[in-house]
Amino acid sequence: MNKQILPSFLAADLGHLADELRRAEASGADAIHLDIMDPTFVPNMSFGPSIVDFCRCTCPGFYRNVHLMMNRPDLYLDAFMKTGAQTIQVHIEADCDIHTELRRIRARGLKNAIVVNPETPIEALAPYIGEIDEALVMTVHPGYGGQKFIESCLLKIAWLRERCPNLDIMVDGGINAETAESAAKAGANQFVAGSYLFAQSDMRAAVDDMRRRIA
Ligand code: DX5
Ligand code: ZN
């Protein structure tokens with residue numbers, strides 16, 4: 001299966017966003033992961049559609065993976081589609097009709113994904129499996145970068161991989177070279193890493209090393 005590594009822009013140095021984005025692209029990573037937060041869904045706020053536009057203008061060829069940690073993603077989908085999101089991920093815990101939103105994303109020619117929080121049983125994903133391009137298994141409670149990987153989420157990845165051998169399964173939260181390797185063994189093939197990758201003075205070497213570990 002195609003393995004992908006996605007630096008999370010949330011961990012970039014805010015004083016140098018354009019350079020940080022170029023550094024992530026030059027590292028050989030596959031896409032930039034953009035964490036959009038609404039404070040009614042997580043205990044934090046981050047950025048909005050303009051950051052997606054900024055990424056499109058700064059590094060047009062660098063794929064944009066947009067993670068909507070929002071209670072009402074339905075109200076903002078158009079804005080993210082217009083500004084250049086290429087994959088849009090909505091939480092199963094959101095307060096809207098998920099089937100409708102997944103269809104709207106695909107109807108615009110984008111990839112869709114559904115996200116499950118650590119406390120949500122993975123079985124909740126079953127009704128959506130035929131209509132998603134990828135599943136994102138959160139390996140921390142969403143809202144902040146730099147948290148510790150929750151080991152018990154590995155079981156959810158294994159459950160999903162057993163049932164969906166060809167589905168893209170992403171992990172997000174507390175990913176470094178070691179936890180990426182554990183997640184890969186459980187069946188994940190896409191890896192978001194924020195604080196780990198952006199803290200590296202040589203991001204390319206860290207991406208190469210992670211690629212070897214998840215191979
Ligand atoms: C958490 C976000 C993550 C976060 C990951 O709410 O969804 O994408 O940026 O950061 P690290 O890799 O530092 O755990
Ligand atoms: Zn994320």
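In each ligand, atom 1 is the first atom listed, and ligand 1 is the first ligand listed.
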4.0 Å heavy-atom contact, Gly146 with ligand 1
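Right, Gly146 reaches ligand 1.
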Contact with ligand 1 for Met69, non-hydrogen, under 4.0 angstrom
yes
Return yes if a side-chain donor-acceptor contact under 3.5 Å exists between [X] and [Y], otherwise no.
X      : Y      : result
Asn65  : His67  : no
His141 : Gln147 : no
Asn189 : Asn2   : no

I need the NE2(His33)-the Zn ion (ligand 2)-OD1(Asp35) angle, rounded to 10 degrees.
90°
If I take the Zn ion (ligand 2) as the centre, what angle separates the OD2 atom of Asp172 from the ND1 atom of His67? Nearest 10 degrees is fine.
100°
Assess whether a salt bridge exists between [X] and [Y], defined as any Lys/Arg side-chain N lying under 4.0 Å from an Asp/Glu carboxylate O.
X     : Y      : result
Arg72 : Asp74  : yes
Asp53 : Arg64  : no
Arg23 : Glu20  : yes
Asp30 : Arg211 : yes

N/O of [X] under 3.5 Å from N/O of ligand 1, yes or no?
X      : result
Val192 : no
Asp35  : yes
Tyr196 : no
Met138 : no

Side chain, backbone, both or neither: Ala193 near ligand 1, heavy atoms under 4.0 Å:
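Contact part for Ala193 vs ligand 1: backbone (N, CA, C, O).
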